[in-house]
Peer 1: 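Quick one: the structure is below, and I'll ask about it shortly.
Just the heavy atoms: all of them, side chains too, but no hydrogens, waters or symmetry mates, feed the values below. All values derive from a computational prediction rather than experimental measurement.
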Amino acid sequence: MPEGPEVETVRRSLLPRLLGATLVRPRVSAKKLRTPITKKDLRDVDGAVVTELFRKGKLLGIRTERGGGVFVRLGMTGRLVVEPKTQPPALHTHVRFDVCGPGAASGTELRFVDPRRFGEVVPFKDEVECALELGRMGPDGLALDDDDRAVVRVRLQATARAIKDVLLDQAVVAGVGNIYAAEACFVARLSPHRAGSSLDDDEARALVSAVESVLQQGVRHRGTSFSDYVDGDGQRGDNARHLHVFQREGEPCRACGDVVRRVVQGQRSTFYCGRCQR
DNA sequence: CCACTCCTGCGT
DNA sequence: ACGCAGGAGTGG
């Protein structure tokens, strides 16, 4: 469900509710997440004050005063929300904490909900463990500097794989998923099937730039909710109606009026305009 | 590298 | 009943 912009929207919405608050009494469901977790795994977070909420790519991190914390990966259907304790937890709620605020945040719970259980909550014990995990990813697509842009460009051109597949590789650029990969190819006017190695420098530059702009647009509209994505307050995002091609099979291209096509590429749907994108 | 796998839910 | 879904690791 969530890609970089959605996770960033969740992060921002949770900031005022979690920063400076204390997480206590972790509870976990019996169902196995991608990485199984127990209460015991969360004891280092129990009773600790939240000092930071960070994100890299699609990975969300909660750091506490003790230096450790937890990573939250939302997978396809994960939600991380703060809700009043009076509200019964949704079906498929797998991890919960009481949130004890210095402010008015008491009486609420932090809840990780994930029907398909492709997501996970994984503790890290210190900065070293945290950095190790973040280091497995390429640069964050929402925070590229000039060096990062050059690195991503080179990595795109260094492979014969289709550019749309390369954009989904979190080790190349972090935070791009199936929606924004298709959108970036459209904005760059490149066919998703193009081999990375076939891009000239201008095309590669345009693609990296398109990645940045579609991700930023996603954040501006608080994420894409074409079905069930919500932020930490349960609010839907607005980006779906700004998409150029994703989920628009059979509809007219907003640029040229030709029909938007859907093809399956690497087991995932890809949407594109055969006329605008070469 | 690709296809397959982990799951549940929804629309056709 | 079947196909499809915003992710990502694995094993051939």
Peer 1: Taking only the side-chain heavy atoms of Ser269(A) (C-beta and beyond), determine which of dG6(C), dA5(C), dC1(B) contains the nearest atom.
Peer 2: dA5(C)

Peer 1: Rounding to a whole Å, what distance do you find between Met137(A):CE and dG7(C):C1'?
Peer 2: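 To the nearest whole Å, that distance equals 13 Å.
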
Peer 1: Rounded to the nearest 0.5 Å, how far apart are OG of Ser198(A) and CG of Leu190(A)?
Peer 2: 8.0 Å

Peer 1: Between dA5(C) atom C1' and Glu6(A) atom CD, what is the distance in whole Å?
Peer 2: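 That distance rounds to 14 Å.
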
Peer 1: Measure distances between side-chain N and O atoms of Arg117(A) and base N and O atoms of dC7(B), and say whether any donor-acceptor pair falls under 3.5 Å.
Peer 2: no

Peer 1: Considering only atom C1', compute the distance from dA8(C) to dC10(B) and round it to an integer number of Å.
Peer 2: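 Comparing C1' positions in dA8(C) and dC10(B) gives a spacing of 23 Å.
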
Peer 1: What is the ring orientation for His193(A) with Tyr272(A), classed by angle as parallel under 30°, tilted 30 to 60°, or perpendicular over 60°?
Peer 2: perpendicular

Peer 1: With the side chain of Phe246(A) defined as its heavy atoms from C-beta on, choose the nearest nucleotide among dG6(C), dA8(C), dC6(B).
Peer 2: dG6(C)

Peer 1: Can a side chain N or O of Arg116(A) be found less than 4.0 Å away from OP1 or OP2 on dG7(C)?
Peer 2: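 Indeed not, no polar side-chain atom of Arg116(A) lies that close.
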
Peer 1: Report the distance from atom CE of Met76(A) to atom C1' of dC4(B), rounded to the nearest whole Å.
Peer 2: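 One finds 14 Å between C1' of dC4(B) and CE of Met76(A), rounded.
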
Peer 1: So if I apply the side-chain contact (heavy atoms from CB on, under 4.5 Å) rule between Pro139(A) and each of Val152(A), Val172(A), Asp145(A), which one comes out positive?
Peer 2: Val152(A)

Peer 1: Please determine, for dG6(C), whether a Watson-Crick or G-U wobble partner exists with both distances under 3.5 Å, and give it or none.
Peer 2: none

Peer 1: Would you indicate which nucleotide in dC6(B), dA5(C), dG6(C) comes nearest to any side-chain atom of Arg262(A)?
Peer 2: dA5(C)

Peer 1: Send over the distance from Asp114(A) CG to dG9(B) C1', rounded to a whole Å.
Peer 2: 12 Å

Peer 1: Compare the minimum distances between each of dC1(B), dG6(C), dG9(B) and the side chain of Thr159(A), then state the nucleotide with the smallest one.
Peer 2: dC1(B)

Peer 1: Among the candidates dA3(B), dG6(C), dC6(B), find the nucleotide nearest to the side-chain atoms of Gln267(A).
Peer 2: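 When the side chain of Gln267(A) is considered, dA3(B) is the closest of dA3(B), dG6(C), dC6(B).
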
Peer 1: Establish, with yes or no, whether the OP1 or OP2 oxygen of dC7(B) is under 4.0 angstrom from a side-chain nitrogen or oxygen of Lys32(A).
Peer 2: no

Peer 1: From the options His221(A), Arg220(A), Glu6(A), select the one residue that forms a side-chain contact (heavy atoms from CB on, under 4.5 Å) with Asn239(A).
Peer 2: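 The passing option is His221(A).
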
Peer 1: Asp231(A) and salt bridge (charged side-chain N to carboxylate O under 4.0 Å, His left out): which partner among Arg222(A), Arg236(A), Arg79(A)?
Peer 2: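 That would be Arg222(A).
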
Peer 1: Please report the distance separating the C1' of dG9(C) from the corresponding atom of dG9(B), rounded so that it comes out in whole Å.
Peer 2: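 Pairwise C1' distance, dG9(C) against dG9(B), rounds to 23 Å.
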
Peer 1: Should dC7(B) form a Watson-Crick or G-U wobble pair with both distances under 3.5 Å, which nucleotide is its partner?
Peer 2: none

Peer 1: Using the P atom as the point on both nucleotides, what is the distance between dC1(B) and dG6(C), in whole Å?
Peer 2: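 Straight-line distance between the two P atoms is 23 Å.
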
Peer 1: Looking at every strand, decide which applies to Leu91(A) at a 4.0 Å heavy-atom threshold: base, sugar-phosphate, or nothing.
Peer 2: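 Since only primed, P, OP1 and OP2 atoms lie under 4.0 Å of Leu91(A), the category is sugar-phosphate.
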
Peer 1: Would you mind reading off the distance between Leu168(A) atom CG and dC1(B) atom P, rounded to a whole angstrom?
Peer 2: 15 Å

Peer 1: Round to a whole Å and report the spacing from CZ of Arg161(A) to C1' of dA3(B).
Peer 2: 14 Å

Peer 1: Side chain of Arg34(A): nearest nucleotide among dA5(C), dG9(C), dT8(B)?
Peer 2: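 It is dG9(C).
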
Peer 1: In whole angstrom, give the distance that lies between atom CZ of Arg73(A) and atom C1' of dC7(B).
Peer 2: 17 Å

Peer 1: Of the nucleotides dG9(B), dG7(C), dC4(B), which one has an atom closest to the side chain of His92(A)?
Peer 2: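 So the nucleotide nearest the side chain must be dG9(B).
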
Peer 1: Of the nucleotides dG9(C), dT8(B), dC4(C), which has the atom closest to the Arg136(A) side chain?
Peer 2: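 Nearest to the side chain of Arg136(A) among the choices is dG9(C).
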
Peer 1: Rounding to an integer number of angstrom, what distance separates dC4(B) and dG3(C) when you compare their P atoms?
Peer 2: 14 Å

Peer 1: Phe271(A) has an atom CZ; how far is it from atom P of dC4(C), in whole Å?
Peer 2: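 So the two atoms are 11 Å apart, to the nearest Å.
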
Peer 1: With rounding to the nearest 0.5 angstrom, report the CZ to CG distance, Arg194(A) to Leu199(A).
Peer 2: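 Those atoms lie 5.5 Å apart.
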
Peer 1: Looking only at heavy atoms, which two atoms of Asn178(A) and Arg268(A) are closest? And how far apart?
Peer 2: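 In terms of heavy atoms, the two residues are closest at CB-NH2, 3.6 Å.
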
Peer 1: Could you check which of dG7(C), dG9(B), dA5(C) has an atom nearest any side-chain atom of Glu3(A)?
Peer 2: dG7(C)

Peer 1: When you get a sec, tell me which of dC1(B), dT8(B), dG6(C) is the closest nucleotide to the side chain of Lys31(A)?
Peer 2: dT8(B)

